[in-house]
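Below you'll find the structure, written out as structure tokens, and then a few comments.
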There are 2 protein chains.
Amino acid sequence: MNYNSQPTPGKPVRGSKTGQPIMVIFDLLGRKWAMGIIWHLNNGPSTFRALQAYCENISPTTLNKRIKELSNAHLIMKTLDGYALTEQGKELFNLISPLGKWAKTWAKKITI
Amino acid sequence: MNYNSQPTPGKPVRGSKTGQPIMVIFDLLGRKWAMGIIWHLNNGPSTFRALQAYCENISPTTLNKRIKELSNAHLIMKTLDGYALTEQGKELFNLISPLGKWAKTWAKKITI
DNA sequence: TAACATTGCTACTTTAAATGTAGCAATATG
DNA sequence: CATATTGCTACATTTAAAGTAGCAATGTTA
């Protein structure tokens with residue numbers, strides 16, 4: 001089986017030979033720093049180096065890969081001010097943003 | 001820098017030296033198959049082998065790691081009927097479930 | 001305008017994560 | 001008792017991510 005390194009709807013990804021959209025998104029977001037990048041960019045456009053600084057330990061190699069993948073997926077784009085969320089990226093952020101509040105209560109419950 | 005393999009609130013994870021809950025969640029869910037497992041378990045309890053079958057190419061090694069991590073995070077648990085979502089796992093599913101519908105429209109827009 | 005700083009990378013090596021395959025002990029089923 | 005199923009573990013291989021160095025392009029300062 002041959003999986004594309006760029007998760008694309010309609011093409012096989014890990015978890016779905018038919019490329020079900022939700023599985024494509026899980027594959028895309030389930031890569032290191034992908035959600036963190038989207039989370040951060042909601043604060044406004046950011047340069048490559050600023051993103052690197054935000055994602056404390058990300059290597060430029062990995063950051064560059066995530067940027068390309070998320071750009072290909074039309075979730076982020078390059079602007080004169082740096083990388084920024086697209087309209088679709090903002091939509092996605094709005095969907096995952098409730099996780100922030102939930103995570104805090106979750107953290108309290110599971111921490112001894 | 002030494003990161004725990006089990007993302008834990010309050011302990012450093014990739015992306016947050018202080019272990020901010022949202023970063024812990026991103027680290028936990030941003031591992032292969034983690035979200036897929038939660039997604040699938042919302043349909044009801046599932047055995048180890050059934051989960052393997054659902055996550056078409058997951059190796060038992062990786063599945064076992066994800067199960068342990070998600071169990072430690074109190075998102076899934078073992079029951080007499082197999083692995084199942086905890087109450088917190090159900091809460092998390094409810095937060096990520098809108099992604100399913102959104103992913104479909106996203107897929108249409110980005111597919112040529 | 002020459003020197004220095006910043007940005008957005010690429011190249012390369014090392015380390016960690018995931019995959020693939022085999023197989024075994026425990027329990028259930030015929 | 002034989003066979004099947006389940007829940008793994010062990011181990012080798014492959015892939016992804018991290019870590020580090022550095023360079024070309026552009027901007028900034030003296």
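- Contact between the side-chain N/O atoms of T47(B) and the OP1/OP2 oxygens of dG7(D) is found at a separation under 4.0 Å.
- When the side-chain nitrogen and oxygen atoms of T62(A) are compared with OP1 and OP2 of dA18(D), one or more of them lie within a distance under 4.0 Å.
- Atom-to-atom, CZ of R31(B) to C1' of dA16(D) comes out at 13 Å; the value is rounded to the nearest Å.
- In this structure a side-chain-to-backbone donor-acceptor pair under 3.5 Å is missing from R66(B) to I37(B).
- One atom, CD1 of I37(A), and another, C1' of dA17(D), lie 13 Å apart when rounded to the nearest Å.
- For the OP1/OP2 pair of dA17(D) and a distance below 4.0 Å, the side-chain nitrogens and oxygens of T61(A) include no atom meeting the criterion.
- For the pair R49(B) CZ and dT27(C) P, the computed distance is 16 Å after rounding to whole Å.
- With hydrogens and angles disregarded, a donor-acceptor distance shorter than 3.5 Å links the side chain of T86(A) to the backbone of L75(A).
- Considering only side-chain N and O atoms, K68(B) lies under 4.0 angstrom from the phosphate OP1 or OP2 of dT9(D).
- Under the 4.5 Å side-chain contact rule for hydrophobic residues, L95(B) and I22(A) share a cluster.
- Nearest-nucleotide mapping onto DNA chain D: of I58(A) and I67(B), the residue sitting toward the 5' end is I67(B).
- N64(B) places no side-chain N or O within 3.5 Å of a backbone atom of P60(B) that could act as its donor or acceptor partner.
- For the pair F48(B) CZ and dA28(C) C1', the computed distance is 19 Å after rounding to whole Å.
- Residues E69(B) and Q52(B) each lie close to DNA chain C; by heavy-atom proximity, the contact nearer the 5' end of the strand is made by E69(B).
- One interatomic measurement links the two molecules: CG of L80(B) to P of dG7(D), which rounds to 12 Å at whole-angstrom precision.
- Summarising the geometry, the separation between NZ on K32(B) and P on dT14(D) is reported as 16 Å, rounded to the nearest angstrom.
- Candidate nucleotides dC9(C), dA17(D), dA18(C) were compared by shortest atom distance to the side chain of K78(A), and dC9(C) ranks first.
- Across the helix from dT1(C)-dA30(D) to dG30(C)-dC1(D), the helix axis at one end is tilted relative to the axis at the other end by 30° (nearest 10 degrees, each axis from five pairs).
- The phosphate of dG8(C) (OP1 or OP2) has no side-chain N or O of N64(A) nearer than 4.0 angstrom.
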Handout entry: From CA spacing to verdict: side-chain contact (heavy atoms from CB on, under 4.5 Å), Q88(B), K109(A)
Key = CA-CA 9 Å; Q88(B) 304 218 84; K109(A) 283 182 192 166; 3.3 Å; yes
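- Between K65(B) and dA16(C) there is no side-chain N or O to OP1 or OP2 distance below 4.0 Å.
- For the pair T79(A) (side chain) and A84(A) (backbone), a donor-acceptor distance under 3.5 Å is absent.
- Closest to the side chain of W33(A), out of dA18(D), dC9(C), dG23(C), is dA18(D).
- The side chain of R66(B) contributes an N or O atom lying less than 4.0 Å from OP1 or OP2 of dA18(C).
- Listed for the D27(B) side chain is no donor-acceptor partner under 3.5 Å among the backbone atoms of M23(B).
- Look at CG on L63(B): it is 17 Å from P on dT21(C), rounded to the nearest Å.
- M77(B) and L63(B) are assigned to two separate hydrophobic clusters, defined by single-linkage of ILVMFWY side chains at heavy-atom distances under 4.5 Å.
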